[in-house]
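Below: the structure, in C-alpha cells.
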Amino acid sequence: MAEPMGFYTDTTVCIGCKACEVACKEWNQLPSTNGGKNTLSGDSYDNTRRLDGIHWRHVKFIEQFTEERKDGRWLLMSDVCKHCVQAACLEVCPTGAIIRTEFDTVVIQSDVCNGCRDCIAACPFGVIDINPASGTAQKCTLCYDRLQAGMEPACSKACPTDSIQFGTIRELRERAQKRVEQLHQAGEKRAYLYGADEKMLGGLNSFYLLVDRPEAYGLPPDPKMPTRNLSSGSWFSVLGAVLVGLMGIINFRNRGAHQPPPEVRS
Amino acid sequence: MADSDCIVIMGSNMAENHPVAFRWPMQAKVEHGAKIIHVDPRFTRTSAVADIYAPVRAGSDIAFLGGVINYVINSERWNKDPFFKTWVVNYTNAATIITEDFKDTEDLDGVFSGLMEYKGGLPEWPFNAFVGEYKPDSWQYARTKVGATGEMAASTARAGETRVTTGPAASKAAAAQGERKTPPGPPYDKLVAALLKPPVERDETLQNPRTVFQIVKRHYSRYTPEMVERATGCPKETFLKVAETILANSGADKTTSFAYAVAWTQHTYGVQMIGACALLQLLLGNVGRPGAGVMALRGHASIQGSTDIPTLYHSIQGYMSAPSALKKHDTLDDFIAAETLPTGWWANLPKYMVSYLKSMYGDAATKENQFGYDWHPKILGDHSHLAMFAAMNAGKVKGMLCIGQNPATSLNARLERAAMRKLEWLVVKDNWIHETANFWKTAPEIKSGEVKPQDIKTEVFFLPATQVAEVDGTFTNTQRLLQFHHKAAEPPGDCRSDPWFTYQLGKRLKKLYANSTLPRDEGFKNLVWDYEHESEHERKIGEPSALKILKEINGFYTDDPNRHVAGFAELKDDGSTTCASWIYSGVYPAPDKNLAARRTPDPPGQPGAHLNWGWAWPSNRRIMYNRASADPQGRPWSEKKKWVWWDEEKKRWVGYDVPDYPATKPPTDKAKPGATGMDALPGTAPFIMRPDGVGWLYVPAGLVDGPLPTHYEPVESPVKNPLYKQQTSPVLKYWKDPSNPIAQLGDQKYPYIITTYRLTEHYLAGAMSRWNPWLTELQPELFIEMSPELAQEKGIKNLDWVRVTTPRAQIRAKALVTRRMRPFVIDGKTFHHVGMPWHWGWEGISTGDVVNELTSLVGDPNVSIHEGKAFICNVEKA
Amino acid sequence: MTAFPSSTFFSAPPDWGWLVTLYFFVGGLAGGSYFLAVLIDLFGRPEDRPLARLGYYIALPCIIVSGILLTVDLYRPERFWHMLIESNTYRPMFKAWSPMSVGSWALLIFGIFAFLSFVGALVEDKRLEWPAGARLRPPSVLGRIIGILGGLFGFYVAGYTGVLLAVTNRPIWSDTPLLGMLFVVSAASISAALMILIARRSRWTMPGIAALHRMDAWVVALEFIVLIAVIVSLGPVMRAWVNAWGLLLFLGVIVLGMLAPLGLYWRRQWLGDLNVTAGAALVLIGGFILRMVIVFSAQGV
Ligand SMILES: Nc1nc2c(c(=O)[nH]1)N[C@H]1C(S)=C(S)[C@@H](COP(=O)(O)OP(=O)(O)OC[C@H]3O[C@@H](n4cnc5c(=O)[nH]c(N)nc54)[C@H](O)[C@@H]3O)O[C@H]1N2
Ligand SMILES: Nc1nc2c(c(=O)[nH]1)N[C@H]1C(S)=C(S)[C@@H](COP(=O)(O)OP(=O)(O)OC[C@H]3O[C@@H](n4cnc5c(=O)[nH]c(N)nc54)[C@H](O)[C@@H]3O)O[C@H]1N2
Ligand code: SF4
Ligand code: SF4
Ligand code: SF4
Ligand code: SF4
Ligand code: SF4
Ligand SMILES: [Mo]
C-alpha cells in the first residue's frame, strides 16, 4: 500500500469561494440541485446546505457576530468525507461496496452498492447520501481516479488559497502542527487540529485546523464507531429472548406433547 | 503583494472577485504574518480573513484616506524616520512651489480656484454632461516666467501645465498655440525642445507655505480621527488601528500595498479616491518597491489589454490621447505640440505617434501627408458608455455593435433599453442569447405590455461568439502581464472569434469604400488590413492570424517587415518603423520569439520576478518605477526590500527585475539645463513618465476636478457633507433626462444608503454564470443584504420578498438579513445601509430583477464612470 | 449555538420509511410466531398443537413479505443479491460485525426453516399428502432440530433489526443498546397477540390459548419495563422525544399498547367477552406504533 494520502484543511485561510465545490462537480460530473433552479437558503451564503450524493464538497458559512458587532467572525470551512482510518461506513456496508484503497482512502464502488443506506446512518459526519442519478450511495472518492493517474484531487488543485492541502498524512500533520503554533504565537489561541491523530477514529485522513468548538462547524466532538453497540446490543437481545423463552416455558410448562394427539393417530 | 508587510484592501472585495490573485495576500499572511486590512461597508469574505475590518459607509473613502494622510503627516515616526523625509523630498513634488493664485478647498469651502459654469463642448455633441468646469491655470507649478515661454505653458497638457479640455479654455489655448511657430517635423526634436518651460521653484526645507507639502498638510488638517468617524461612520479606534498599522508597516525595510477595484472608481469622484491613495503611498514611500504600490484589480479577463490596445474612446494605443476636435489637434505637428511632454520619457511621443500612424496606414503614410494624420478619426467629446447611451436615447445614434456586453442590464437599464429601441440596427455578438439580444422580446416593459415588439423598428442581428479556449491570443492581466493562450478546441457551428468579426467587417468596408473619392474615406482605403491566417483551415473560415496582429502591435522595420523591433527604444519618428502600441513593443522581438508564450517560472526560494514567465509591458518590467526601490544614491533602501540598484563596478542598474530606468544613467547624473527627455531629469528621479521625474502628491494638471482629493458626497446621499458647504463634486457629470431623475439631499422618500457589488459565484451581468447550473445552485436568487436592525424597523424577516425603490425604478428581491451589515452613525445620526449583488436578469437558468433599473446616469468628470457604488433607496416588505 | 446532547446528532438520516417500519413489524411477527410455535411444540400440551401450526402458518408468509419489503426498499432492488454475494468476485458476502449483513443471511436461512415447518404443518393438517413430511415437526428428532434451529434464527430475525439500528450513528438508535431487546420482547408480544386473535376467530378453545394469553400479559409487562429502560438509557438524548413523536410513544405505545391491555387482562369484567380480543388487538397496534416512532423519530432530528 502506498503512503496514506489525504487532506489538511486550514479553515483560517478559506475564503469561501466554493471553487472546490465546483471543481468537484465538474470533475465528477455531478448534477445540480433541481438542475440549478435552486432556492435561496437564507443561511448566510450557503445555498447547497449539506454534503450529500451530489455534493461531495460543501463549504460552510458560520456567521458569529454580537449585537454590537464587536470582533465578529465569519467562519468558512470546506467540508468533505473524512476518509476515516476506522470508517463507520465501510464497517457496516453489507455489500462490500465500500473499500479502503491503496492510498488509505475510503471509496464507494457504485457498481456494487445496492442503495440499502446503512452507511448513511453509520457515518458520524453525515457525509454520504444517495445520488439520484445512480441510485447508489455516493461521496467524495478523494479523486481515486486522479490519484491512480498520479494527479492531485480536483478540489485541492482548484483551491486558490491552499486552504485545502493534499499530500501524505505524515507530511500534512507536520505542516498543520507548525501552522497551529504560528497561530498561537500570533495570538490566535483558539486554533487546534481536528482529527489529526489516532485518537479520533484512528485518525481522519481529511483533518482540519479549526478556531472554534467542533459543534460550531457542525462536526461531532467525539465521533464513534457504530459497532460500539454491537455486543451490548446483542447480549441484551439474547437476554430478552431468554426472558421471553422462560415466560413461554413457565406458561406452557407441561411434559408430554410428544405423543401425537389422538385425532392424529391412525 | 506576496512581499507586502501590510495589505490594505479598500474599494475592493478581493477575496470574492479576484480569488485567484488573492492567493498572494494569503501567502503573505501565512508565510510572513503580513497584516490584511479590509475597508468596506459590508463584512465580506475578504473581511473574514482580514486582521482588521473597518466599516465605512459607501462613498466616504476620501474622508478616510485623508484621515490617514493627516495622521501620517503629523505622526512622530513619519517626522523622525529619515527615510520618509529623503523619499518625499527627492521622489515627490512635495518641495515644488505652486502659484500664489491657487486657492484650496479650505479657502473656498469645498471648491478650488478657477471654478466656472460649463460652456464647453461642440453643438454637434451636447452629451459631455459636466455640471461645472475648472479653469486650472491657477493650479500650476510656480515658474520663473520669461516672456513668451511663460505663455507657452498653456500648450502642454500633461507637463504639469494647463490641461486644455473644452470650452473657452480650449479656444484661448488654441489661440496661444496658433501664435507660436512650431518648427515642423520630422524630426521633431526641435519642436519638442521648443516646448521646454522654465524651471519650477522649489523649497527642499518644505517650509514655504506654497510648497506642495504645506498645501497638502493644510488641505487635510481637518481630517481628524473624530472627523473620520463623523464622515465615514467608522469607529475612531478602528480607524486609528488602521492608520497605525499602515504607518508601522511602511519604511526602509517594510512596505504596505493597497488593492482597489471598482468601489473606488464607481463614484463621481472615483479618480480622486485613487489619487488620495497614491498621495498616501507616495508620502509613505510605498511606490516602485517590492510589496508596495496601488494595485488596480482589473475586471474582465484582459480588460487591462483592452485599455492598452484601447477600446477606450479617449486614448489611442499606449495611452496617447485620441486626436480630438476639442483640442488644438488640427495637424500632426499640433497634436505633437499639444501632447508631448518635453522632459521625461514622454518626450519620445513623436516616435510612438508616427510609428502608430505607420501601423495604421503603412506605405501610404509619408512625411508629406503627415503620415496620414488627417485620415485618423477625431473625437467630438465624451463617447463613453453613459454618454453614448444618452446620445442614443436622444436618437443621435444609428446603430450599435454590442460585442461582449449586456447593456440591457446596465446603468439605468430601463433608459438604456429605451435608447436601444431608437437604434436602426443592433449587432449582438455573444455566447448566449442574453437580455440585450432579447431586449425587444422579453424585457420587463415588453412583458408588461407597455411596449409592443412590433413597434420596435430596431433590426437585431445575433452572431454567436467563440469562447476564449477556441482561439489563439493573449491575455493581459492586472500586472500588465501578457500571456499567450493557444486554441484548445474547435468552435461549435458558426461561432467565430471577435477578431474574425472585426477583420471581416474591415475587409468589407474597405471593399465598400474602395472607389470612393470622398476625403473622409481615405482612411479606410489606406488602412493596412492584412491578417490572413497561416493555416489553411483557419483561412477557410476567415479567422485572422493572432500572430500577425501581435506583430503589428510589436512593430517592425518598414524597409524589412520581417525584422521586428526589439523594443520601443528602436522606434523612430521618421516613418522607418511601425508599431501599433509602443508599450507592447518588445513582446514579439523576432518572428520566432513570442515572449508572451514563455512559461518558465523562477526556481522556488530565490528572490525573483519570474522574468521568463510571459512578458510584462513595458520592456518586461514587473514593478514599474522600480528605480524608487533604491535610495537617491542608488543603494537598496534595505536588504529586505532589495529589488533594483546601481552597480558601481558595472556602472549600470541591476537587480531582480528589469530596471525601469535608462540602464547606464548614474544616480549622480545632474539634470542638464535646456535638455529634453531623460537628460532633463537628474539620476535621482524615478518617475520617468512625469515631466519632473517625481511622484505627484499634488496634481497640477491632467485632472479636471482639482489637484487634491477632497471629500464630496455622492450625487445621491442622505448625508450632508460634514466637511464643506459644497455637497457634491462641482464638476461631476449628470445626464439630464426625464427618465434619469435624481433624489435631492434630505428626500425622505429614500432614506437608505445602497451599494451594488458582485458575488464570487456569479459574473457581471450573469450571462457567464446564470446559464451554468453548477453556479446557479450556489447563488440561486437575487437578494438584498440588510442589518437585523433595519429588518426589524421595517418588519422584514429573513427571506421575505422586499420592494426596493429609487427615483428611477422599483424592483423585487429576497431579504438576506445578516449582522454582516450594520447601521452607520454619521454625524450622530443613524443611517441604514443595504447592498445588492447586481448579477441578475430575466434570461438564463437563474433569473431575477435587474438591479441596474435602480441606478442613474451620473459619472466621474475625468473618466465618465457611473456612480453605481453609492446612491439611496427605500426598502419595503413586498 | 445549541449544545448537542450526543455526537450522534451530526449524522444523516438514511430515510428508512414506511417499508422499513412495516418490515420491522412483519419480520417481528415472523420470528416471534415461529419462536412461540416452537415453544408450544416443545412444552405445550398435545391439544395445543394447532396453535403451534398456526405459528408456522404465520411465520412463512410473513418472512416472504419481509424479504419483498426489504428488496423494494433498496434503491437498486435488482442488486438485492449483493447482500449475499460479492458482486464482482462472486464470493459469499458476509460480515459478522454488520447486523445488516448477518441479518440478510439470517433472513434467508430462517426462510428455509419457516418453509420446512410450514410444510410440516400442512402435512399434519392433512392439507398435504406426504407422510414423510410429518418428520419435519417434533417429536421427530429432525423436527426438534429444525424447530430449535429455526427458533433461534426466528429470534434473531425478530431482534437483529433493533441491533441494526443501534449499530449506526443516528440519535436515539445508537444512543441505547436496548433496542434489540425491546424488539425481541415486542416481537413475542405482538406474535402472541396475533395468534390469540386468529385462534379466537377460529373459535378454538384449547388451553394453550389461555397460556398464550397469560404469557402475552407477562411479556407486555416486560416490554413496558424494557421501554422505560430504553428511555432512561437515552439520558440527555431523551430531548429528541420531547415532541409529537414522544407524545405518540406515550399515548400510542405505553398507554394504548401496554397499560390498556394489561388493565384488560387484570380486570376481566371491563369488556367481558371482548376483553381478550381487544387486549390483543391493542398490543398489535401498540407494537406497530412503537416501530413507527423509533424509525421516524430518529430521522426527524
Ligand atoms: N466572481 C466575480 N469576480 C469578478 C467579477 C464578477 O462579476 N464576479 N467582475 C470582475 C470585474 S469586471 C470587476 S470591475 C471587478 C470588481 O471587483 P470589486 O471592485 O471587488 O467588485 P464589487 O463587488 O463591485 O465591489 C467591491 C466591494 O466594494 C464595496 N463597496 C461598495 N461601495 C464602497 C465604497 O464606497 N467604499 C468602499 N471602500 N467599498 C465599497 C462593496 O461592499 C463590495 O464588497 O471584479 C472582477 N471579478
Ligand atoms: N450597478 C452596477 N453596475 C455595474 C457594475 C457595478 O459594480 N454595479 N459594474 C460595472 C463593471 S465594472 C463592468 S465591467 C460592467 C460589465 O457589464 P457588461 O460587460 O455589460 O456585462 P458582462 O456580463 O460582463 O458582459 C460580457 C458579455 O460578454 C460575453 N462574452 C464572454 N466571452 C466572450 C467572447 O469571447 N466574445 C464575445 N463576443 N462575447 C463574450 C458574455 O457572455 C457576456 O454576455 O458592469 C458595470 N455595471
Ligand atoms: S476553494 Fe479553497 S478557499 Fe475556496 S471555498 Fe474551497 S477551500 Fe475555501
Ligand atoms: S467520514 Fe463518513 S463517509 Fe467518510 S469515511 Fe468516515 S465514515 Fe465513511
Ligand atoms: S448504501 Fe451502498 S454503500 Fe451504503 S451500505 Fe448500502 S450497499 Fe453499502
Ligand atoms: S477529492 Fe475529488 S471527489 Fe473528493 S471532494 Fe475533492 S474533488 Fe470531490
Ligand atoms: S474568475 Fe477567472 S480571472 Fe477571475 S479570479 Fe477566477 S480564475 Fe482568475
Ligand atoms: Mo469591470
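Computed from a predicted structure; not experimentally measured. Per chain, numbering begins at 1; letters A, B, ... match sequence-line order. As a basis for the values below, the full set of heavy atoms in this structure was taken, side chains included, without hydrogen atoms, waters or symmetry mates.
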Under a plain distance cut-off of 3.5 Å, with no hydrogens placed, do C:Arg76 and A:Asn114 share a side-chain donor-acceptor pair?
no
With side chain to side chain contact (heavy atoms under 4.5 Å, CB included) as the test, would you mind laying out the steps for A:Ile250 and C:Met215 before giving the verdict?
CA-CA 8 Å; A:Ile250 295 166; C:Met215 169 187 177; over 6 Å; no
So, do A:Asp111 and C:Asn88 sit near enough that their side-chain heavy atoms are less than 4.5 Å apart?
yes
Any idea which heavy atoms bring C:Asn169 and A:Pro226 closest together, and the distance?
ND2-CD, 3.9 Å
So which of A:Thr227, A:Val92, A:Asp118 has the largest heavy-atom pair count under 4.5 angstrom toward chain C?
A:Asp118
Which bit of A:Asp52 is near chain C, if near means a heavy-atom gap under 4.5 Å: side chain, backbone, both or neither?
neither
Determine the minimum heavy-atom distance between A:Asn251 and C:Arg214, stating which atoms define it.
OD1-NH1, 2.7 Å
Flag if over 12 foreign heavy atoms under 6.0 Å of CH2, A:Trp235:
no
Greatest number of non-hydrogen atom pairs under 4.5 angstrom with chain A, of C:Trp218, C:Phe155, C:Trp16, falls to C:Trp16
Among C:Leu212, C:Val38, C:Thr89, which residue forms the greatest number of heavy-atom pairs with chain A at distances under 4.5 Å?
C:Leu212
C:Ala166, C:Gly159, C:Ser87, C:Ser101: which one forms the most heavy-atom pairs within less than 4.5 Å of chain A?
C:Ala166
Looking at A:Arg69, I'd like to know if its CZ atom is crowded, meaning that more than 12 non-hydrogen atoms belonging to other residues, nucleotides or ligands lie closer than 6.0 Å.
yes
When every non-hydrogen atom of A:Pro220 is compared with those of C:Phe10, the smallest separation belongs to CA-CD1, 3.4 Å
Taking every heavy-atom pair that is under 4.5 Å apart, which of A:Leu230, A:Leu243, A:Val127 has the most such pairs with chain C?
A:Leu230
What part of A:Leu219 lies closer than 4.5 angstrom to a heavy atom of chain C: side chain, backbone, both or neither?
backbone
Interatomic distance, CG@C:Leu51 vs CZ@A:Phe252, rounded to 0.5 Å, equals 6.0 Å
Closest non-hydrogen contact found for C:Met100 with A:Cys116 is SD-SG, 3.5 Å
Output the distance between atom OH (C:Tyr156) and atom OG (A:Ser237), rounded to the nearest 0.5 Å.
8.5 Å
A:Cys123, part contacting chain C, at a heavy-atom distance under 4.5 Å:
backbone
So what's closer than 4.5 Å to chain C heavy atoms on A:Ser134: side chain, backbone, both or neither?
backbone
Please identify, among C:Pro177, C:Gly180, C:Gly151, C:Ser98, the residue contributing the most non-hydrogen atom pairs under 4.5 Å to chain A.
C:Pro177
Within 6.0 Å of CD in C:Glu78, more than 12 heavy atoms from elsewhere:
yes
Just by distance, no angles: are the side chains of A:Thr136 and C:Arg79 close enough, under 3.5 Å, to form a donor-acceptor pair?
no
If I take atom CG from residue A:Asn229 and atom OG1 from residue C:Thr168, how far apart are they, to the nearest 0.5 angstrom?
8.0 Å
Answer key: most heavy-atom pairs under 4.5 Å with chain C among A:Gly135, A:Pro132, A:Ala97, A:Cys119 is A:Gly135
Quick one: are A:Val244 and C:Phe35 in side-chain contact, heavy atoms under 4.5 Å?
yes
Answer with side chain, backbone, both or neither: which region of A:Val238 has an atom nearer than 4.5 Å to a non-hydrogen atom of chain C?
both
Report the option among C:Leu178, C:Val167, C:Val184, C:Leu182 that has the most heavy-atom pairs separated by less than 4.5 Å from atoms of chain A.
C:Val167
A:Ile130 portion near chain C, given a 4.5 angstrom heavy-atom threshold
side chain
Shortest non-hydrogen contact from A:Arg228 to C:Thr8?
NH2-CG2, 3.7 Å
Not counting sequence neighbours, which residues clear ring-ring contact (aromatic ring centres under 6.0 Å, His included) with C:Phe80? List them please.
none
Any side-chain to backbone donor/acceptor pair from A:Arg117 onto C:Asp15? Under 3.5 Å, distance only.
yes
Atom OG in C:Ser7, atom CD in A:Glu215: separation rounded to 0.5 Å?
7.0 Å
Let me know if C:Leu39 has heavy atoms under 4.5 Å from chain A in its side chain, its backbone, both or neither.
side chain
Under a 4.5 Å cutoff for heavy-atom pairs, which residue among C:Val219, C:Leu222, C:Leu165, C:Leu36 has the most contacts with chain A?
C:Leu222
By a 4.5 Å heavy-atom criterion (distance strictly below it), what part of A:Ala121 contacts chain C: side chain, backbone, both, or neither?
both
Pair count under 4.5 Å, heavy atoms only, with chain C: among A:Gly126, A:Pro94, A:Gly115, highest is A:Pro94
Heavy-atom closest pair (A:Cys93 atom, C:Lys95 atom, distance to 0.1 Å) is O-NZ, 2.7 Å
Pair count under 4.5 Å, heavy atoms only, with chain C: among A:Pro214, A:Cys89, A:Cys113, A:Ser234, highest is A:Cys113
Heavy-atom neighbours of A:Lys199 NZ exceed 12 at 6.0 Å:
no
Do you know which of A:Glu91, A:Gln109, A:Arg50 has the most heavy-atom pairs with chain C at a distance under 4.5 angstrom?
A:Glu91
